[in-house]
Amino acid sequence: MGLYLFIAAFGNYDNKDGNWAGAPRDAAYNSFGGRSDRSKSAFFNDRSAGSRGRYERGGFAGGGNSRWVEDPREDDWSKPTAPNERLEHELFSGSNTGINFEKYDDIPVEATGSFLLSMWIYVTSHCKRTDRYTRPTPVQKHAIPIIKSKRDLMACAQTGSGKTAAFLLPVLSQIYTEGPGDALQNGRYGRRKQYPISLVLAPTRELALQIYDEARKFAYRSRVRPCVVYGGADIGQQIRELERGCHLLVATPGRLVDMMERGKIGLEYCNYLVLDEADRMLDMGFEPQIRRIVEQDTMPPKGIRQTMMFSATFPKEIQILARDFLEDYIFLAVGRVGSTSENITQKVVWVEESDKRSFLLDLLNATGKDSLTLVFVETKKGADALENFLYHEGYACTSIHGDRSQRDREEALHQFRSGRCPILVATAVAARGLDICNVKHVINFDLPSDIEEYVHRIGRTGRVGNLGLATSFFNDKNSNITKDLLDILLEAKQEVPSWLESLAYEHQHKSNTRGRSKRFSGGFGARDYRQTPGGSGSYSGNRAGRNTGGHGGSRGFGGGFGGNFYSNDGYGGNYSHSGSVDWWGN
DNA sequence: AAAAAAT
């Protein structure tokens, strides 16, 4: 019976206190019929609701591909299309160790939302222990109802928090309910130019691909066709995929601009815009492309479209972007991934540069053969060198960095995910966003100079309730991160080596300005600046810097916040404390 | 300083 409550929650969101409320009133929620079938779910058995239509030989020059012709009587997007066993298998039986379909037989399916919910269970069960999907992550719990209530959203959250589902589910749900609108005429399959209803922008190719993969799962048996475009891959093939129909487009900015200029994509009917990892995109210099896409083209203006921004931090640049792109938005801050997680044991060891390799071998030998280890290095050259070294030492390993071809990158990731190469040597490209299940051990062979990068890296392990270990090699080259690292370790209640403590103490006294972490000068901001007029925080943690006060430094927004801000509802797995709402009922 | 991303 619990599922019904989940769906009820989708339909009714009380904006004032952020609670679920009431029972579903929307008739659309019941249009799937309330069958409680014993085999699989009623949803998967409901062949009568399969799409009516036919394939027709394409009449285009150089075409010849068959295309789907919609039966005008069946343009109800809230109804599922016919099942496709081959596709179902492709989407849902991938790398996971076996979803227990039988387990869902007893679940009563009573509302339209089950369409999405079936997908939800499929997808979430991939990365999690079987009992994990029983609860939404904090960002899901809060973002989904906000998006469902058609409000713009600025969310401080990171991937790995279940963020992808947090925007895909409600966006798809709304597309299912409302149908394609004008885009039905313009988003036709076979059209040379496609008009997606929803656009998701992501900073890296792999992240775009990953979001696309999730979208395909959630969109299974719907009329929504997801596509992905990113650089480094054959553009011709991507164009052909687009021409088969595109309602939800996931893209990296550069390739999308390219596609727009080639006249392959029109954004006139793009009612949902998602900017994922917005801070990262700005860091990477994507702002001109993003503005080109959002402001200098045909996309509906803010207020007409619904816009959702996700960002790990909330510095000045992101605030400006939020002001420009979002209309009367809801600000949502949930904790950060990684550091506050009690699931990750963080170790810092002093290792001289020359000892790193042999120390690494010791660590690898101490690790179980079939558990995944992710080794971070600082440079692309370093990644190649280390991979080579490990390879010659007889370890099954691979590497990923920006100088490798896109094909190699994806292959490496696949080899790693599948366990064929349980050791992956990576640069920063793999630090953020990538959701790799079962990474047992993250090793910072080279520590990053940026604490946020560190947090992202260790967040690759200990995901969704699993236990993880993060080991970092530290030596005098890493003094710049000493203070921030100490803060993180203390915050996460980790063991702190005494040498690190004294080093941090020395460092702080040597340089009183540089020693101040930018986290506390607002860089890692997760506070809605609109509540603090003038930009100088009314609440200033005792460690907070005031250095960005009126001038608007390059990062941050003045003021600050105390260290335990994040402990409230942070990620890290223990979702059982995430509030009084019981998503699944009893 | 290095990394990422359109060709």
Side-chain angles (χ1 to χ4, degrees), chain A residues 158-159 199-212 227-239 241-242 249-265 275-294 296-297 311-313 317 353 374-387 399-410 412-413 424-434 444-457 460 473 475-481 514 518 554:
Chain A
Q158 292 152 6
T159 308
L199 173 65
V200 181
L201 290 176
T204 67
R205 299 161 179 177
E206 279 78 10
L207 185 56
L209 200 53
Q210 187 178 291
I211 295 168
Y212 166 72
C227 284
V228 64
V229 298
Y230 53 82
D234 179 26
I235 195 167
Q237 200 180 327
Q238 287 178 0
I239 290 171
E241 276 298 311
L242 287 177
L249 180 62
V250 186
T252 49
R255 180 55 67 91
L256 176 58
V257 169
D258 194 356
M259 288 291 190
M260 287 159 60
E261 281 164 2
R262 288 169 188 245
K264 297 299 173 191
I265 289 291
L275 302 187
D276 202 3
E277 309 249 343
D279 51 351
R280 182 100 201 276
M281 290 203 277
L282 293 194
D283 283 349
M284 287 166 56
F286 277 145
E287 185 166 359
Q289 283 108 313
I290 292 173
R291 289 195 181 272
R292 158 91 177 76
I293 292 163
V294 178
Q296 288 145 40
D297 215 88
S311 178
T313 62
E317 298 90 328
E353 216 57 35
L374 185 51
V375 184
F376 279 108
V377 294
E378 209 37 20
T379 66
K380 296 184 263 201
K381 256 171 96 174
D384 282 336
L386 191 60
E387 183 201 0
S399 73
I400 182 167
H401 62 68
D403 272 359
R404 298 200 68 187
S405 75
Q406 191 55 31
R407 210 184 156 280
D408 285 350
R409 280 163 60 166
E410 279 159 33
L413 218 46
L424 178 67
V425 182
T427 58
V429 70
R432 299 188 193 213
L434 287 189
N444 280 311
F445 190 86
D446 301 317
L447 266 167
S449 52
D450 180 6
I451 194 64
E452 287 169 31
E453 174 74 18
Y454 172 85
V455 170
H456 279 290
R457 285 184 183 184
R460 296 314 97 197
F473 296 175
N475 59 40
D476 25 66
K477 282 172 79 179
N478 307 114
S479 56
N480 51 0
I481 203 179
R514 287 192 60 231
K518 72 181 162 196
S554 66

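Letters A, B, ... mirror the listed sequences (proteins, then strands); counts begin at 1. From a predicted model like this one, the values you see are computed outputs, not experimental measurements.
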Summarise protein proximity over nucleotides 2-7 of chain B in one line of letters, 5' to 3': B for base, S for sugar-phosphate only, - for none, counting protein heavy atoms closer than 4.0 Å. SSBBBS

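- With hydrogens and angles disregarded, a donor-acceptor distance shorter than 3.5 Å links the side chain of A:Arg404 to the backbone of A:Ser399.
- In this structure, CG in A:Asn444 is found 5.0 Å from CG in A:Leu447, a value given to the nearest 0.5 Å.
- Note that the CD1 atom of A:Ile211 and the CD atom of A:Glu277 stand 8.0 Å from one another [nearest 0.5 Å].
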Only pairs under 3.5 Å count here: list side-chain donor-acceptor contacts from residues 250-261 of chain A, not counting sequence neighbours, and write none if there are none.
{"residue": "A:Arg255", "atom": "NH1", "partner": "A:Tyr230", "partner atom": "O", "Å": "3.2"}
{"residue": "A:Arg255", "atom": "NH1", "partner": "A:Ala233", "partner atom": "O", "Å": "3.2"}
{"residue": "A:Arg255", "atom": "NH1", "partner": "A:Gln238", "partner atom": "OE1", "Å": "2.9"}
{"residue": "A:Arg255", "atom": "NH2", "partner": "A:Ala233", "partner atom": "O", "Å": "3.2"}
{"residue": "A:Asp258", "atom": "OD1", "partner": "A:Arg262", "partner atom": "NE", "Å": "2.9"}

Would A:Glu410 and A:Gln406 count as a side-chain hydrogen bond (donor to acceptor under 3.5 Å, both in side chains) here? Give the steps. CA-CA 6 Å; A:Glu410 279 159 33; A:Gln406 191 55 31; 2.9 Å; yes

